[in-house]
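To start, the structure under review is shown below, and the notes come after it.
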Amino acid sequence: MQASKINLLFKNDVGFYLLTALLLIAVSFLAFVCESFSQKIICILITGYFAVLLLKKYATSLKLVLILVSLFIGVITLNKREASFELTEQSQIKIYPDQVHVKDDYLTGIGHFQRGKILISGKVTSEQEKDLKKGLPLIISQIKGECGEIEPATNIGEFDYQNYYAAKGIIQKIKYSTCNLRVMRSNSVLTNLHKIRFDLQNYFQKMPQLLGFFASELILGENNAQENQEILNNYRDLGVIHLLSISGLHVGLYVLIISTICFYLKMTDEEAFLCCCIVLLLGIFLSYGQAGFVRASLTYFLGKICKFKGYRVAGIDILGLACILHIIFVPRLFMMAGAILSYLLAKGLQLTNKFGKMSQSILLNVLLTPLLLFYFYQVNFLTVLFNLMVVPYFNWVVMPIAFANVLLFGFTKKLAPFFEQVLELGEKAIGNLSNTKLGLLTFGKINWWQCLILILLTVLLIIALREKTEWKINKKKLSCSLIGTYFLFFSMIHFPLRGQVTFIDVGQGDSILITTPFPRRAYMIDTGGKLNFSGKKMTPQINRITIPFLKSLGISTLDGVFVSHQDADHVGDLGPLLEQIYVKRLFMAKGLINNTSFQKRLNGRVKHTKLIELLAEMQVKEPQIKFNVVYPYQPGEGKNEDSLSLFFRVANKNWLFTGDLGQDGEKEIMQKSNLSVVYFKLGHHGSKTSSNPDFLRAIHPQKVFISAGRKNRFGHPHQETLTTLSEQQIPWVSTQDCGMISWYYGGMQKPKFSYFLKRGKRTDNTNNFKKLSS
């Protein structure tokens, strides 16, 4: 391949540092991101491609490439030797007050031990809390508690905290029961920097809610998600969430302000540059090294140095060199979605710099869309329009007010109420706009190879549109190919050939999703919900488990939700579900609607939802599925003994769900119905009150399923129940071990089970368990 033809991006040769950066990124993906065999093969091919390009185009710089690659591989090797914390009598953990949070006498945050970092949590006494509020580093010793790995996500679509913290070099967590906490006397630079950050946290907490939120976001890159989740959701739904990230926008703002001050102080360019470096380095620390801020800062540093030295380095090489430095210091950098989005956006800005502002904005949004679908499953078609509306408000109202308040709040608090009112008006308008859901499409989750194809097609299209003489003939074909590919992937998600019965891992609770093949219908039995023993307000777990799962499937409407009974672990999240997902019909056992507690869950949330009461021997006939009600026979109050029990048949398999029905109810079903069941959701999470041995013999299921929380306080599933299953040679699986459990049927394939936790324990009570798996 000739050198002039190697460059598909620009008329000049591709920059050496850009290609080298792409090579190192490919190596990092191979080391940290790729899991499946197919992913590794594709990544090896891409790595080889970049290596060949460098070899052919920059043979004279081969030694430098080898040095950088060898250095990076060495860094990866050291980074993969993850430091493990061993809990002994001599164990000590250092904590900085700005890295921990205390609420309701409970501490959570990041601790440091000799060889690494660890998540830490546990109760604190009033005296220990006083020490934490001093803003000094502390040493935790004489630790007693549990130490283990950070749990992975257990459901499709659920945010993976294990992967998130692994990207930060944290693989373990410790929950202590007792410990000794003492102040560590230190006057190091690091301690003072942590003290500054801690003081800023306290300073922002004293501000009114919105002022404190924006100040914390713009300077520290953190916020109280529970209190400000609605704001985050509004910005995310409008497609302007990037405004709340510490990024190149903030670097440009800091540089502009400092340069202007230095200009009036008649300082030289070099002196102004030094001042900017100090502020940006402090910003990197305060934001805990947020990828976008670091990337923009490095680009600024390198660009200025090249200018001072008279080096003529292309912008693509500045970005490439910044990436090389960044990834060598943070080898797991591209495990983070923020880093991928930041660098792709930066490269996109360079690719589209010849276009007008509107065209550039549209192309950048198209470029980022595949990653947004991969990580967040939804996209807003009107993002460009909303950016035109919200960005000026953010740049000329939010940021000036937030920074002005940061500077003035310590001297006078009189302006804060006025500033807060201005922001309240702005955020109310944004909230109202977001609530219209204009342009918002729940697309669904695309997989990694679909994401890669869409990004490549978009890049090729931008190149074709950019070049005036080359690729002219392919512009229309590329546009049609990109649109057609999106339509194909959308159709695969929204018009599936397969249906499913999925036990969502909601911990100690029940939630089952049932879908049919095209035309897809979606139903849910119970919603799950967190049992609240403290009586304090909690964030609904449905927001991090069920809603993302539904969005990953492209589901924004449920044809029906069946409520088994009133208990919080079954319907505790019904209210939040109704607020976020349109439910056509809500089914319940007759009498539950009169339950006061249940009525509170529905208040103001069922304006467009039809409520239907059911009793045994009634049917809910749907186009591809028929739900038969087998219990209760009499109206009740929504207690366990009144649990709505459903029987249905799909793909020649009979399913039975009985909620928390006790043995008396099972006996009544056995007496009045003659059910032949293949798959049975074991009653009451496998407690000893369910299921009756005679009932199990009567329905004789081929497999049963247990939905129970890990280490739950009730000891579910009970050993007595497991013994009954073992004696009757009935195989069972549990969400405790397998995470989400899905059974897929329809299409050209045989029905099959899929367990989200592939390495999860499989409880096999018969020798033929694997044979019965479908």
Side-chain angles (χ1 to χ4, degrees), residues 36 154-157 444-445 447 491-505 510-526 546 549-550 552-555 558-560 562 620-628 630 645-658 675-682 696 699-707 725 728-735 737-774:
S36 67
T154 61
N155 296 277
I156 295 171
K445 180 178 174 61
N447 58 39
S491 299
M492 291 169 64
I493 295 170
H494 288 261
F495 310 115
L497 299 178
R498 311 200 75 190
Q500 63 180 293
V501 177
T502 292
F503 296 84
I504 306 171
D505 181 12
D510 273 11
S511 187
I512 300 95
L513 178 72
I514 302 151
T515 68
T516 65
F518 175 78
R520 180 169 67 187
R521 298 287 189 273
Y523 311 91
M524 185 172 285
I525 300 175
D526 287 336
T546 308
F549 172 51
L550 293 176
S552 74
L553 297 175
I555 294 175
L558 288 170
D559 293 274
F562 295 88
V620 178
K621 294 182 179 180
E622 296 295 291
Q624 299 184 60
I625 190 171
K626 181 171 65 177
F627 296 94
N628 297 278
V630 297
S645 301
L646 300 171
F647 173 85
F648 61 86
R649 180 178 179 85
V650 287
N652 298 319
K653 303 293 182 183
N654 295 337
W655 292 78
L656 178 62
F657 296 86
T658 58
L675 301 179
S676 176
V677 177
V678 178
Y679 300 129
F680 173 49
K681 202 286 293 182
L682 203 63
L696 289 173
I699 65 173
H700 194 61
Q702 292 183 15
K703 186 186 291 186
V704 301
F705 306 87
I706 301 171
S707 181
L725 294 174
Q728 296 192 28
Q729 295 189 330
I730 300 175
W732 59 273
V733 286
S734 171
T735 55
D737 306 318
C738 308
M740 177 178 281
I741 302 169
S742 297
W743 180 73
Y744 298 99
Y745 70 96
M748 302 298 291
Q749 300 178 20
K750 292 182 179 180
K752 69 172 185 178
F753 278 100
S754 175
Y755 307 97
F756 188 83
L757 296 180
K758 303 296 183 184
R759 65 180 183 275
K761 175 186 173 184
R762 299 288 183 266
T763 306
D764 182 359
N765 292 299
T766 73
N767 295 326
N768 299 319
F769 178 76
K770 292 183 180 179
K771 294 181 182 179
L772 295 172
S773 62
S774 63

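Both backbone and side-chain heavy atoms feed into the values below; hydrogens, waters and symmetry mates do not.
With rounding to the nearest 0.5 angstrom, the CG atom of D505 is 9.5 Å from the SG atom of C738. Taken from CG in L757 to CE in M740, the straight-line distance is 10.5 Å, to the nearest 0.5 Å. Distance check: L646 CG to L656 CG gives 8.5 Å after rounding to the nearest 0.5 Å. Rounded to the nearest 0.5 angstrom, F503 CZ and K681 NZ are separated by 8.0 Å. A distance of 5.5 Å separates NZ in K653 from CD in Q702, rounded to the nearest 0.5 Å. Taken to the nearest 0.5 Å, the CD1 atom of I156 stands 11.0 Å off from the CG atom of L550.
With a 4.5 Å cut-off on side-chain heavy atoms, I730 and P701 count as touching. Using a 4.5 Å heavy-atom cutoff, the side chains of H494 and F518 are not in contact. Between K752 and R498, the closest side-chain pair of non-hydrogen atoms falls below 4.5 Å. With contacts defined as side-chain heavy-atom distances shorter than 4.5 Å, the pair L725/L696 qualifies. Contact check for I504 versus D510: no side-chain heavy atoms found under the 4.5 Å cut-off. Side-chain contact between W732 and I706: present, with at least one pair of heavy atoms (C-beta onward) separated by less than 4.5 Å. Contact annotation: the side chain of I514 never approaches that of R521 to less than 4.5 Å [non-hydrogen atoms, C-beta and beyond]. In this structure, L675 and V630 have side chains that are in contact, with non-hydrogen atoms separated by less than 4.5 Å.
Put simply, the side chain of N654 gets close to the backbone of S676: a donor and an acceptor are under 3.5 Å apart. With hydrogens and angles ignored, the 3.5 Å screen pairs no side-chain donor or acceptor of T515 with any backbone N or O of G499.
When all heavy atoms are compared, the tightest approach of T735 to I741 is N-CD1, 4.0 Å. Taking each heavy atom of I555 and A522 in turn, the nearest pair found is CD1-CB, 4.0 Å.
For the pair K703 and F753, the cation-pi test (distance below 6.0 Å, angle within 45°) is passed.
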Side chain to side chain contact (heavy atoms under 4.5 Å, CB included) for L513 and T546? Distances and angles first, verdict last.
CA-CA 10 Å; L513 178 72; T546 308; over 6 Å; no
The test is side chain to side chain contact (heavy atoms under 4.5 Å, CB included); show your working for F647 and V677 and say whether it passes.
CA-CA 9 Å; F647 173 85; V677 177; 4.2 Å; yes
Quick one: do M492 and L497 satisfy side chain to side chain contact (heavy atoms under 4.5 Å, CB included)? Show the steps, please.
CA-CA 8 Å; M492 291 169 64; L497 299 178; over 6 Å; no
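Inspection of the T502 and S742 side chains reveals an N or O donor paired with an N or O acceptor under 3.5 Å. E622 and Y523 are linked by a side-chain donor-acceptor pair at a separation below 3.5 angstrom, with hydrogens and angles left out of the test.
Scanning for side chain to side chain contact (heavy atoms under 4.5 Å, CB included) contacts around Q624 gives T516, P517, P519, with sequence neighbours left out. Partners of N652 by side chain to side chain contact (heavy atoms under 4.5 Å, CB included), not counting sequence neighbours, listed by chain and number: R649.
Using the six-membered ring where Trp is involved, W655 and F705 have ring planes that are parallel, under 30° apart on the 30 and 60° scheme. Using a 30° and 60° split on the angle between ring planes, F562 and F627 fall in the tilted class, from 30° to 60°.
Between F657 and F680, a ring centre-to-centre spacing not shorter than 6.0 Å is recorded.
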